[in-house]
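Numbering starts at 1 and runs along the sequence shown.
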Amino acid sequence: MSSERHVDDSNYIAHIREDGAEEKVAVHLSEVAKMASGFGSSFDAAESTRAIGCLHDIGKYSQEFQRRIRDEGPKVDHSTAGAFELAKKNMWWLSYCVAGHHGGLLDGESPYTDSTQRDRLRKAAAGKIPTYRNEASEKVLESYIDAEKCVQEFEKKTKTFYAAGQQASAFSASFFIRMCFSCLVDADFLCTESFMQGESREPVPTEGLDVIARRYEERISAFYPPKTALDALRCTVSDECASAGRNLQPGLFTLTVPTGGGKTLAVMRFALQHACKFGMNRIIVAEPFTSIIEQNAEKYRQYLDGEDTENVLEHHSNFDLDAFDEDPLRKNLRLASENWDMPIVVTTNVRLFESLFAARTSRCRKLHNIANSVIVLDEAQAIPLDEMKACVRALSELIANYHCSVVLCTATQPALDMLFQDYGIKAHEIAANRDELFEKLRRVSYENVGRLSDQELADRLSRHDQVLCIVNSRAQARNVAIALKELCESESVYHLSTLMYPAHREQVLEAIVERLKNELPCRVVSTSLIEAGVDLDFPTVYRAMAGLDSIVQAAGRCNRENRHPYSESMVYLFEPVGNPETGRRYRIPAITEKNKGIAEIAVPELQVVGQRSDFGSLQYIRRYFRNLMALSLKLDKNKTEKVLNDLGIATVFKVRLGMGGEMMCPSISFRTAEEEFKFIDDSSTPVAIPDKAIAEEVKRVACGVATRNDMRRIGRYSVPIYEQTLKDMLDAGKVERVEQLYVLTDLRWYTEEFGLDCSNVQGEGMFW
């Protein structure tokens, strides 16, 4: 039998290509080590990452693995060997990287599974893994590591936050492990891919940030000299960003600019100047909503791409990467999205932060490319308060240890400085005269008009030719829109909520933009999905009471281009009386209820009916966010602390080596932390609306052959609903399950005006 064949020590192989070509283990280890070391050098970990590259596949020197690869023998554990060798030399932190380089980082210990770092090391110590020690592997083991250098690299990272306490230093250790792990898994994947395909992947044609920065300066020169007073203010903000980018040392920055102040283009100018001045590799812009990403990524492409280059990677769930397979510039964007190997990345907060707390290889591959970057958090107030402390901890690590600068960019700046100060990091404001800027860019006046029934609200809206009304409940948005249609021409009334699938909402928004542009009557009733990042300009806005950040964001849709005096551009605040169908208050999300209560305590003026005030002033915003942050951290401490404790060192386990020897390994719960850290706690389930545009995709789901791109496209035609609502709709026959997908059974339950009809089974909460 061929499995009995003896394999010469000098010819151990790691991979076999379809054409029969063989790659030796020694060659693979050398190439991965070299590439991983190059990645690690961006955060001063070249020796550590070279070491794990050298050892990650040393288990392939076993006869069992050679039978596996040559003769399709049984699966073999080849990852534990290198992890065991590192642990024996007290390189326990690097041991985690090698043990998890296929399946993901493991928990150190766990009562719920045998798949832990402790169990893997104990198995190796007991001789229960294939024997890999031979003449060939000894050559690697004798020369693979500069232990002293590896210890120095590790200690340099973990001592940075020593004064902040043991938990801070332990988190630094887990963060360093994850960053080294990223270098290993990306290098291993790229080297293996290159051999198996017979050549390295063709990169997306990009340019250096210095070239991109020069082009950007040329293209924005069209704004100079400014033609209006508003243009002059925007140019001032842009110039301050450019100056700060060149002159301020890397660290934490805030850019506090009112809506309409041109911060989208200005913050990119800061990022480009800063990255070029301090030799940074890329710029990462994180947004809270895909609608903002799509809008801003397109704008950045206009200013940053060359004729034959593609410098911007747009990476989110709605972006169809497969659509560019035949495009010579964009055909390899999917490959670039795997590890963010592009000069400009525009992505979601979810992808950024969940990657920073990930254990899986697919999510961690990109992490080393976050090092040495400018990270822009647009609409920073949208970071969930439940996860704020954990997010700040990760950002602090990137700033202090991984050569990053972070910009918190928003009109409503959250009070994060108090959290960053715990780690000795001080924020620098980029806008030199932000108080004066807020006064000069004041575009609206606010007034509380008290309690309004849905009918009273509809009556008021009908008196305006162009008006936007934002409420906190999907049920109320529907009810008010119905009442409004009875009072004025139906074609002038638009409804928006997440009961409409994303592609449908986009169509409605396009119609709204067209009517506003042509100065036609346009009355819109929406949930808060319209608040941030949507370029709409109404003369009047109504907003149901909410947190002050939501109120100010809603005001950003009023007099956006400053065409009218602020005294004539009104944002009316109101308190809904209740649902006329049930006689009870509308149910709204708990976070909205909490923020509303904090706003009313922090800013009592909000509750004064009939009084006009500028609730968008920095004075009110600062007061609100200080109170919000203090209360939220107190209420949400347990959840936040759980994630940080998972990534700390709670215990140290022992592994006996025989002859009285033993090794010590601190336990870190990488896998548990990934499960605990949910940037968006979404209990909804998507229901696909069987539009003809996705008929083929739904058929492929039914046949069990759907691709990721099929599911992504179906997502653009899906509506999120609550678990109980889904159960009721299934029982009523309105929804059926097709393989892993829920599909609406009859399009009669979905209308152009209001989207999905969940009547009689519908909860009233609103999805963000």
Side-chain angles (χ1 to χ4, degrees), residues 104 175 178 182 283-297 312-321 334 336-340 342 344-367 369-370 373 375-395 397-398 404 406-410 414 416 498 502 505 528-529 531-534 549 553 589 591 636 639-640 643 646-647 670-671 673-686 708 711-712 714-716 718 720 766-768:
F175 203 93
R178 193 182 286 103
S182 169
I283 295 164
I284 299 168
V285 181
E287 306 277 8
F289 311 115
T290 55
S291 59
I292 305 179
I293 295 176
E294 291 165 345
Q295 176 180 286
N296 288 352
V312 179
L313 171 65
E314 183 180 348
H315 191 205
H316 55 87
S317 59
N318 285 350
F319 191 69
D320 186 359
L321 291 160
R334 171 172 295 287
S337 73
E338 295 169 353
N339 61 359
W340 287 2
M342 293 276 285
I344 312 289
V345 178
V346 186
T347 189
T348 60
N349 287 340
V350 175
R351 286 189 185 271
L352 173 63
F353 285 108
E354 289 195 352
S355 293
L356 291 172
F357 288 89
R360 282 175 280 176
T361 56
S362 58
R363 286 187 173 184
C364 287
R365 275 188 65 186
K366 64 179 76 72
L367 291 182
N369 278 329
I370 296 176
S373 296
I375 302 168
V376 176
L377 298 178
D378 195 15
E379 305 295 351
Q381 80 286 345
I383 298 174
L385 288 165
D386 288 1
E387 309 296 351
M388 187 72 79
K389 188 173 181 182
C391 291
V392 166
R393 181 67 191 88
L395 293 172
E397 196 69 39
L398 288 169
C404 289
V406 173
V407 187
L408 307 176
C409 180
T410 179
L416 297 183
T498 52
R505 296 200 303 265
S528 65
L529 63 87
E531 272 179 0
V534 180
D549 50 342
Q553 289 294 332
I591 184 66
D636 301 323
K639 182 178 179 183
T640 300
V643 174
D646 287 339
L647 296 171
F670 288 105
R671 190 158 292 179
E674 181 181 65
E675 294 169 357
E676 291 283 346
F677 184 84
K678 299 298 181 186
F679 194 79
I680 296 178
D681 188 8
D682 188 359
S683 57
S684 66
T685 300
R708 284 191 304 174
M711 300 307 296
R712 184 183 299 109
I714 289 171
R716 289 181 50 73
S718 298
M766 175 207 58
F767 289 94
W768 293 86

Provide the closest heavy-atom pair for Pro288 versus Ala382 in the form atom of the first, atom of the second, distance. CB-CB, 3.5 Å
Glu675 meets the side-chain hydrogen bond (donor to acceptor under 3.5 Å, both in side chains) criterion, sequence neighbours left out, with none
Judged by atom type as modelled, is there a donor-acceptor pair below 3.5 Å linking the side chain of Thr348 to the main-chain atoms of Arg351? yes
So, for Arg363 and Glu674, which heavy atoms are closest and what is the spacing to 0.1 Å? CD-OE2, 4.0 Å
Distance, nearest 0.5 Å, that separates CG of Leu416 from CG of Leu395: 9.0 Å
For Thr410 and Ala380, work out which heavy atoms get closest and say how close. CB-N, 3.8 Å
Roughly how far, to the nearest 0.5 Å, is CG of Leu408 from CG of Asp378? 11.0 Å
Which value, rounded to the nearest 0.5 Å, describes the distance between Arg178 atom CZ and Leu356 atom CG? 8.0 Å
For Asp646, give me all partners under salt bridge (Lys or Arg N to Asp or Glu O under 4.0 Å), at least two apart in sequence or on another chain. Lys642
Look up atom SG in Cys409 and atom CD in Glu287, then write down how far apart they are to the nearest 0.5 Å. 8.5 Å
NE2 of His315 to CD of Glu338, rounded to nearest 0.5 Å, is 9.0 Å
One pair to check against side chain to side chain contact (heavy atoms under 4.5 Å, CB included): Thr498 and Arg505. What are the steps and the verdict? CA-CA 8 Å; Thr498 52; Arg505 296 200 303 265; 4.0 Å; yes
Non-hydrogen atoms of Leu367 and Ser182 that approach each other most closely: N-OG, 3.3 Å
Minimal heavy-atom distance between Cys404 and Ile375, with the atoms involved, is SG-CD1, 4.2 Å
With sequence neighbours excluded, what pairs up with Glu397 under the salt bridge (Lys or Arg N to Asp or Glu O under 4.0 Å) test? Arg393
Please step through side chain to side chain contact (heavy atoms under 4.5 Å, CB included) for the pair Leu647 and Phe357, ending with a clear verdict. CA-CA 9 Å; Leu647 296 171; Phe357 288 89; 3.6 Å; yes
Could you report the tightest heavy-atom contact between Glu314 and Ile293, atom names first, then the distance? CG-CG2, 3.9 Å
Interatomic distance, NZ@Lys366 vs OG1@Thr347, rounded to 0.5 Å, equals 7.5 Å
What verdict does the side chain to side chain contact (heavy atoms under 4.5 Å, CB included) test give for Leu377 and Leu352, after you've listed the backbone C-alpha separation in whole Å, the side-chain angles of each residue and the deciding distance to 0.1 Å? CA-CA 10 Å; Leu377 298 178; Leu352 173 63; 3.8 Å; yes
Do side-chain atoms of Arg671 reach the backbone of Ala359 as a donor and acceptor pair under 3.5 angstrom? no
